[in-house]
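Single-structure report; data block below.
Only a predicted model underlies this, so the values are computations on that prediction, with no experimental measurement involved.
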Amino acid sequence: MTRKSASAVSAPPATRVRPRGSQNAAGEETRTTILDVAERICAAEGFEALSVRAISEAAGVNLAAITYHFGGKSQLFEEMFRRRVVPLNDERLALLDAALAGGAPTLEAVVRAFVEPPMKLTAAINARSNNSALVVMQFLSRAFAMPGENEFLQTYYEPVRSRFILALKHFLPRLPLEEVIWRYNLMVGGIIYAMGGWERMERPPAAFASASAQRAHVHHQPDEMVDRMVRFFLAGLLAD
């Protein structure tokens, strides 16, 4: 098509020009849609099922939009993780600050501050409202099994690691630092596994298969999981 000169073309009606703010809002909406759809696919079928084409078809966006916003599959997966874990860790630090600011801070309050935010994500899975915790769990499982773990921890888990380990060391002065770090990491491992939800945590072995049918209609409250985990972690932290 031959391009007309500027003098031969009248200015387009104002209604045909999308304001910059609207363009930004539309781009952010597309970006959020891609992340939401990718999260559902990843949670339901695993990381290997997370392809750009599958996301494009499910989200109703073109392939170029995914590449534009995220680059490749690995960058997209990391952004799925980042948008969930950064607010989660911010909440952990806020709860820790509140726990330590009280008149009589306790080890239990510190442990609860660490456990409660990720278990809220898990409760959302149980309520069928989203799949955030499964994505976080999948990403962490992959990250901890690959090279570059120290860089990963520095990027996403400082100052959470430092702040909580310092707090644990304060309440456990008799333990050497290396033992406190061991026990902190055991808490981390327990939380990652528990983020799979109640079904994962209560799945009986074959020898007790009949127990599965008996508990099929049990409805748990989110606070139950938090309380159970806090009790267990406290016992481990205080063990001789």
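Remark: F77 engages F47, F139 in a ring pair (Phe, Tyr, Trp, His ring centres under 6.0 Å) (not counting sequence neighbours). Legend: residues meeting side chain to side chain donor-acceptor pair (under 3.5 Å) with E78, ordered by chain and number and at least two apart, are Y156. Partners of F70 under the ring pair (Phe, Tyr, Trp, His ring centres under 6.0 Å) rule, at least two apart in sequence or in another chain, do not exist in this structure. With sequence neighbours left out, the side chain to side chain donor-acceptor pair (under 3.5 Å) criterion links D97 to R163. Considering only residues two or more places apart in sequence or on other chains, E91 meets the side chain to side chain donor-acceptor pair (under 3.5 Å) condition with K120. The ring pair (Phe, Tyr, Trp, His ring centres under 6.0 Å) search around F233 returns none, not counting sequence neighbours.
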Candidate pair V188 and R161, rule side chain to side chain contact (heavy atoms under 4.5 Å, CB included), full reasoning: CA-CA 10 Å; V188 171; R161 291 181 75 244; over 6 Å; no
Verdict with supporting geometry, L153 and E158, side chain to side chain contact (heavy atoms under 4.5 Å, CB included): CA-CA 7 Å; L153 291 175; E158 289 293 346; over 6 Å; no
Just do the side chain to side chain contact (heavy atoms under 4.5 Å, CB included) check on V61 and V37 with the steps written out, would you? CA-CA 11 Å; V61 301; V37 169; over 6 Å; no
After noting the C-alpha distance and the side-chain angles of E179 and Y184, does the key distance pass the side chain to side chain contact (heavy atoms under 4.5 Å, CB included) rule? CA-CA 9 Å; E179 182 63 25; Y184 168 86; over 6 Å; no
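Using a 4.0 Å cut-off between charged nitrogen and carboxylate oxygen, E39 and R84 count as a salt-bridge pair. The existence of a salt bridge linking R228 and D223 is excluded, since no basic side-chain nitrogen approaches an acidic carboxylate oxygen closer than 4.0 Å.
The one candidate from V110, L175, L168 that meets the side chain to side chain contact (heavy atoms under 4.5 Å, CB included) condition with L237 is L168.
Side-chain contact between M195 and M119 is present, with at least one heavy-atom pair separated by less than 4.5 Å. Using a 4.5 Å cut-off on side-chain heavy atoms (C-beta onward), T32 and R83 make contact. Contact of the L107 side chain with the H170 side chain is not registered, since no non-hydrogen atoms from C-beta on lie closer than 4.5 Å.
Taking CD from E116 and CG from D227, the interatomic distance works out to 9.0 Å, rounded to the nearest 0.5 Å. For the atom pair R82 CZ and T155 OG1, the distance stands at 12.0 Å (nearest 0.5 Å). Atom OG in S56 sits 8.5 Å away from atom CD1 in I34 (nearest 0.5 Å). Residue D36 holds its CG atom at 11.5 Å from CD1 of I41, rounded to the nearest 0.5 Å. Taken from CG in L234 to OG1 in T106, the straight-line distance is 8.0 Å, to the nearest 0.5 Å. Atom CG of residue N150 and atom OH of residue Y157 lie 14.5 Å apart, to the nearest 0.5 angstrom.
Within 6.0 Å of CZ in F232 there are 12 or fewer heavy atoms belonging to other residues, nucleotides or ligands.
Side-chain heavy atoms closer than 4.5 Å link hydrophobic residues (I, L, V, M, F, W, Y) into clusters, and following such links, possibly through other members, connects L76 to V86. Cluster membership for L95 and V226, using ILVMFWY side-chain heavy atoms within less than 4.5 angstrom, is not shared. With hydrophobic clusters built from ILVMFWY side chains whose heavy atoms lie under 4.5 angstrom apart, W182 does not share a cluster with F164. Hydrophobic clustering (side-chain heavy atoms under 4.5 Å, transitive across Ile, Leu, Val, Met, Phe, Trp, Tyr) groups L238 together with I165. Linking Ile, Leu, Val, Met, Phe, Trp and Tyr whenever their side-chain heavy atoms come within less than 4.5 Å puts Y193 and V111 in one cluster.
When all heavy atoms of A194 and M229 are compared, the pair lying nearest together is CB-CE, 3.7 Å. Closest non-hydrogen pair, L96 versus A167, comes out as CD1-CB, 4.2 Å. For the residue pair A239 and R174, the shortest heavy atom distance occurs at O-NH2, 3.2 Å. Of all heavy-atom pairs spanning F114 and R92, the tightest one is O-NE, 2.8 Å. Between A99 and P105, the shortest heavy-atom distance links the atoms O-CB, 3.3 Å. Summarising the geometry of A38 relative to I55, their closest heavy-atom pair is CB-CD1, 3.8 Å, with the distance given to 0.1 Å.
A donor-acceptor distance shorter than 3.5 angstrom exists from the side chain of Q75 to the backbone of G72, with no hydrogens or angles considered.
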